[in-house]
Amino acid sequence: MQTFLRGRDLISDLDFSKEEVETVLDLAWDLKRKRAVGEPHPYLRDRTLGMLFFFSSTRTRCSFEAGMAQLGGHAAFIESRTTQIAHGDTAKEIGEILGRYFDGIAIRHCDWKEGNAYLNGVAEASRAPVLNMQCDVYHPFQCLADLMTIMEKKGRDLRKKKLVVSWAYASSYLKPISVPQSLILQMPRFGMDVTLAYPEEFMLMPEIEEEARAQARRFGTGFEIVHDMEEAFRDADVVYAKSWGPLLTTDDPVKGKELQDRHQDWITDAHKMRAAAPDAIYMHPLPADRDIEVTSEVMDGPQSVVYDEAENRLHVQKATMALTMW
Ligand code: CP
């Protein structure tokens, strides 16, 4: 068990080794149990987290804020537009200065080709660890919560379990590609056979798909890319279907919406779920476009684990903060 994570950043999913992720999960389950029985666990008393948001959030903001309070510390919510970032504070200033005020800096910056570079710029200048609350490339805490949830539902040995990471249609906005990218990087390390499905125009970053293939080779698991949603669902143990924008094809939102609207049949419904294993679970990080990305019948049905998945954000984030911010 690797336990010394003090001061470490978590920006990319692979920043923590497999053993370090296992340490996070072990502590997350312990903290989940402590919360269930009302046992106080103030591991970060008098510690502070600065949470800098360039993009909206429900789950991420609330779970980090609640988590810091439950650990005995405080989280400060900072919206970028209420700061002096627009008037000249660079990533270096934010890292240098917030790193002196806070014991950790958590950032959500999803702008395409900007977010990840910004987080790394802050991390270079910061003496406090930087935690990625979602950027344009990765969403590591969502992925840790997903892994914890899959293990709770399917057991800790996930070898030979089939995970489908599928694109789904949405009409609300062009969603980031960070969730599927994190999933295909992290899950092969835990033995899952990954099927990635998307219409041709919705490919992920080539270097991420290549790294996912390399992880699958290293851990002896399967990795395939298909372009048919129903085919992908066949015999799946875990169906993880969500929308993302065609960012590698176009970063023009109007052209992106046109491409998206061509694939309205990529909806998770009861018919497609019947192709998966009878005990398959349905996952989504939320928010979902109800009855567009996924039918309410599936999202509210017995195979859906979306609320347990959302809850586990709290536990994995508390575990990571407790390990990195003391
Ligand atoms: N899944 C997720 O990150 O939710 P929010 O965008 O509401 O934080």
Side-chain angles (χ1 to χ4, degrees), residues 10-13 24 28 49-70 75-81 104-112 114-116 118-119 130-150 152-153 163 165-168 170-187 204 238-245 247 268 281-290 292-294 298-300 304-321:
L10 181 55
I11 297 176
S12 154
D13 299 86
V24 171
L49 175 73
M51 302 188 301
L52 176 58
F53 282 89
F54 291 76
F55 191 75
S56 53
S57 166
T58 304
R59 281 144 291 273
T60 304
R61 175 187 174 179
C62 296
S63 52
F64 268 102
E65 198 163 328
M68 270 307 283
Q70 290 163 22
F77 172 65
I78 310 157
E79 236 185 328
S80 64
R81 65 184 175 82
I105 305 173
I107 304 173
R108 168 169 283 196
H109 192 330
C110 302
D111 289 359
W112 181 234
E114 289 180 25
N116 186 259
Y118 185 84
L119 264 78
V130 170
L131 305 177
N132 182 355
M133 297 196 293
Q134 188 177 20
C135 68
D136 52 333
V137 184
Y138 310 109
H139 197 352
F141 288 102
Q142 181 63 55
C143 193
L144 289 174
D146 296 336
L147 180 58
M148 182 175 182
T149 308
I150 293 171
E152 287 176 347
K153 306 299 177 190
L163 165 68
V165 178
S166 177
W167 186 84
S171 59
S172 55
Y173 71 109
L174 302 182
K175 303 184 183 192
I177 62 176
S178 47
V179 168
Q181 296 206 142
S182 286
L183 287 166
I184 66 171
L185 289 175
Q186 187 71 271
M187 297 309 176
L204 301 180
V238 179
V239 170
Y240 200 121
K242 77 168 303 293
S243 192
W244 64 82
L247 296 170
T268 306
I281 56 173
Y282 167 77
M283 302 184 75
H284 191 294
L286 304 181
D289 288 22
R290 260 182 190 267
I292 294 171
E293 247 180 301
V294 50
V298 170
M299 192 160 146
D300 298 327
S304 172
V305 299
V306 295
Y307 300 120
D308 291 341
E309 184 183 359
E311 178 190 332
N312 284 337
R313 293 291 303 276
L314 176 72
H315 308 301
V316 296
Q317 288 160 197
K318 285 169 68 180
T320 305
M321 290 190 290

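In each ligand, atom 1 is the first atom listed, and ligand 1 is the first ligand listed.
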Does only the side chain of R313 get under 4.0 Å from ligand 1, or the backbone, or both, or neither? Count heavy atoms. side chain

Given that the side chain starts at C-beta and the backbone is N, CA, C, O, which of these parts of Q142 lies under 4.0 Å from ligand 1, counting heavy atoms, or is it both or neither? side chain

Test: E311 and R59 ion pair at under 4.0 Å: no

Short side-chain donor-acceptor distance under 3.5 Å, [Y] and [X]:
{"X": "T149", "Y": "D308", "answer": "no"}
{"X": "Q317", "Y": "S63", "answer": "yes"}
{"X": "E152", "Y": "N312", "answer": "yes"}

State yes or no: are the ring centers of Y240 and Y282 separated by less than 6.0 Å? no

Which of the atoms of ligand 1 are close to [X], meaning less than 4.0 Å from one of its heavy atoms?
{"X": "T58", "result": "5 (P), 7 (O), 8 (O)"}
{"X": "L286", "result": "1 (N), 2 (C), 4 (O)"}
{"X": "H139", "result": "2 (C), 3 (O)"}
{"X": "P285", "result": "1 (N)"}

Ligand 1 and Q134, any nitrogen or oxygen pair closer than 3.5 angstrom? no

Any N/O pair R59/ligand 1 closer than 3.5 Å: yes

The residue among K318, E65, H315 that forms side-chain hydrogen bond (donor to acceptor under 3.5 Å, both in side chains) with Q70 is K318

Any heavy atom of R108 sitting closer than 4.0 Å to ligand 1? yes

For F53, does the six-membered ring have the charged nitrogen or CZ of R61 within the cation-pi criterion, i.e. under 6.0 angstrom from the centroid and within 45° of the normal? no

